[in-house]
Amino acid sequence: MTIQNDLLLRKLAREQTSRPPIWFMRQAGRYLPDYQVLKAKYDFFTRVQTPELVAEITNMPVYQIGVDAAILFSDILVIPQGLGMEVQMVPGKGPVLPNPIASAADVDKLSLEACAEFLTYATPCIQATLDDLNGRVPLIGFCGSPWTLLCYMVEGSGSKNFAKAKAFCLNHPEASAKLLDVVTEACIAFLKQQVAAGVSVVQVFDSWGGILSPDHYAKWSLPYITRINAALKEEVFTILYAKDGWFALKDFAALNPSAIGLTWTMNREVAEAQCGSDMVFQGKLDPSILHSSPAEVKRETLALIKEFEGLHHIVNLGHGIHPNIPVDHVRAFVDTVKSYSF
Ligand code: CP3
């Protein structure tokens with residue numbers, strides 16, 4: 001199907017465009033009142049596994065806010081779930097994995113076959129979403145990075161410093177390497193499934209990449225993201241994002257992904273010095289700015305566009321949108337970009 005608004009795809013192909021494309025991380029769910037209605041009615045994994053609900057939630061920000069791309073409503077933790085771990089979404093607390101990985105024997109229990117079988121539900125979800133989108137904008141698929149998934153699988157929940165996850169890698173080097181390997185294979189298979197179902201772009205979220213030292217990043221995260229990017233890049237546009245992972249920028253650029261996601265703790269100077277002037281950069285408005293006022297959001301958004309003028313740039317937040325942002329502040333962000341012309 002031809003895509004009517006293909007601005008994101010043209011930018012990922014490094015074409016000149018009359019304005020930057022815009023979408024933002026965690027745009028599906030969270031701040032939209034219509035999402036809250038569905039959230040009150042259906043539990044999280046029912047929302048993730050039901051084609052009509054996935055289509056409605058995924059496309060809500062396209063219809064209601066006018067972003068240039070949709071991102072599949074799902075979660076990075078569907079992979080640990082598919083591999084055989086229990087995952088609960090506890091209101092007010094976030095994800096909880098009640099039986100976290102603690103030993104090599106726990107790693108051996110994970111099953112790639114079970115994961116592929118479990119995740120078959122995603123194909124009709126993607127198809128329903130694409131049918132409903134009817135070619136308006138491209139659909140983005142995603143997975144978590146193996147390191148970020150290890151964090152939740154070992155820690156059993158979110159954490160400030162993921163000390164348990166780091167300790168597992170330090171004290172069980174073989175088991176942790178095997179865990180990262182299995183998760184990498186599951187990520188590749190799931191992304192290929194998403195591509196076969198029709199997503200045009202995939203993003204790898206290394207949300208906890210920035211808590212590693214550069215040395216640990218080189219051991220526990222980069223090699224696995226390298227494999228995922230290599231397995232997908234001939235088939236689909238790839239976006240690599242490591243929150244706060246300034247030290248990963250140069251290595252990401254060497255993998256030649258379609259784009260690299262930036263955090264607000266980075267700037268153009270650092271990005272360009274590390275990745276060169278030909279790279280496509282995505283980001284990086286501080287999501288906290290959306291708490292200010294529509295006028296301030298507009299000012300900051302224009303400053304961001306100016307910062308990256310002359311480079312290939314996709315406007316996005318530097319991390320996911322916060323849950324309690326007023327919708328008119330989100331509109332100020334999106335409308336500022338959409339009414340801009342170079
Ligand atoms: O971008 C989108 O809106 C698409 C859907 C999406 C969700 N999670 C839905 C969700 C995406 C892309 C994710 C990615 C995700 N999930 C990441 C990487 C991005 C990031 O923010 O760093 C991570 C680390 C997770 C793990 C996770 N899932 C956490 C920490 C939480 C709880 C807190 C929260 O709201 O993010 C979740 C639950 C979750 N995933 C919700 C949603 C809409 C909230 C629960 C609900 O609405 O019932």
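Side-chain atoms are counted along with the backbone in the values below, which use heavy atoms only and exclude waters and symmetry mates. We count ligands from 1, going down the list as the structure has it; atoms in each ligand are counted the same way.
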Give a yes/no verdict on whether any heavy atom in [X] is under 4.0 Å from an atom of ligand 1.
X	result
K93	no
G94	yes
S74	yes
R47	yes

Closest protein heavy atom to [atom], given as residue, atom name and distance to 0.1 Å:
atom	result
atom 44 (C) of ligand 1	R26 NH2, 4.3 Å
atom 31 (C) of ligand 1	P95 CD, 3.5 Å
atom 23 (C) of ligand 1	I76 CD1, 3.4 Å
atom 18 (C) of ligand 1	S207 OG, 3.1 Å
atom 12 (C) of ligand 1	F142 CZ, 3.4 Å

Notebook entry, point to check: Is the backbone N or O of G283 less than 3.5 Å from a side-chain atom of H313, with the two atoms forming a donor-acceptor pair by type?
Noted result: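 Side chain of H313 to backbone of G283: a pair is present.
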Please tell me whether [X] and [Y] have a donor and an acceptor in their side chains that are separated by less than 3.5 angstrom.
X	Y	answer
D251	Y217	no
Y63	D132	yes
D286	S288	yes
Y152	W208	yes

Check: Do the ring planes of H216 and W220 sit parallel (below 30°), tilted (30 to 60°) or perpendicular (above 60°)?
Finding: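 Because their plane-to-plane angle is under 30°, the rings of H216 and W220 count as parallel.
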Next item on the list: Describe, in one word, how the ring planes of F73 and F44 are oriented to each other, choosing from parallel (under 30°), tilted (30 to 60°) and perpendicular (over 60°).
Entry: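 Correct class here is perpendicular.
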Proximal ligand 1 atoms for [X], defined as those under 4.0 Å from one of its heavy atoms:
X	value
M89	28 (N), 37 (C), 38 (C)
Q27	1 (O), 2 (C), 3 (O)
F73	9 (C), 43 (C)
H319	20 (C), 21 (O), 22 (O)

Item checked: Selected option - heavy-atom contact closest to atom 47 (O) of ligand 1, from Y35, F44, Y152, F205 ->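 Of the listed residues, Y35 has the closest heavy atom.
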Item checked: Option set H322, M60, R30, criterion heavy-atom distance to atom 33 (C) of ligand 1, minimum ->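 It is R30 that holds the nearest heavy atom.
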Item checked: Q49 vs Y42 side-chain heavy atoms within contact, under 4.5 Å ->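 Result no, sub-4.5 Å side-chain heavy-atom pair not found.
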Next item on the list: Would you check if E272 and S277 make a side-chain contact, meaning some heavy-atom pair closer than 4.5 Å?
Entry: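 E272 reaches S277 side chain to side chain.
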Next item on the list: Let me know which of K178, R227, K192 forms a salt bridge (charged side-chain N to carboxylate O under 4.0 Å, His left out) with E185.
Entry: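 Among K178, R227, K192, the one that satisfies the salt bridge (charged side-chain N to carboxylate O under 4.0 Å, His left out) with E185 is R227.
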Between [X] and ligand 1, which residue portion shows a heavy-atom distance shorter than 4.0 Å: side chain, backbone, both, or neither?
X	result
K243	neither
L72	backbone
P323	neither

Check: Minimum heavy-atom separation for T263 to D244, with atom names?
Finding: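 So the minimum-distance heavy-atom pair works out to OG1-N, 2.8 Å.
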Next item on the list: Compute the shortest N/O to N/O distance between D75 and ligand 1 and return yes if it is under 3.5 Å, no if not.
Entry: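 Checking ligand 1 against D75, an N or O pair does fall under 3.5 Å apart.
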Margin query: Evaluate M25 for polar contact with ligand 1, using N/O atom pairs at a separation under 3.5 Å.
Written below: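 Min N/O separation from ligand 1 is not below 3.5 Å for M25.
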Checklist line | Separation of F142 CZ from F205 CZ (nearest 0.5 Å) | finding: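 Reported value, rounded in 0.5 Å steps: 6.0 Å.
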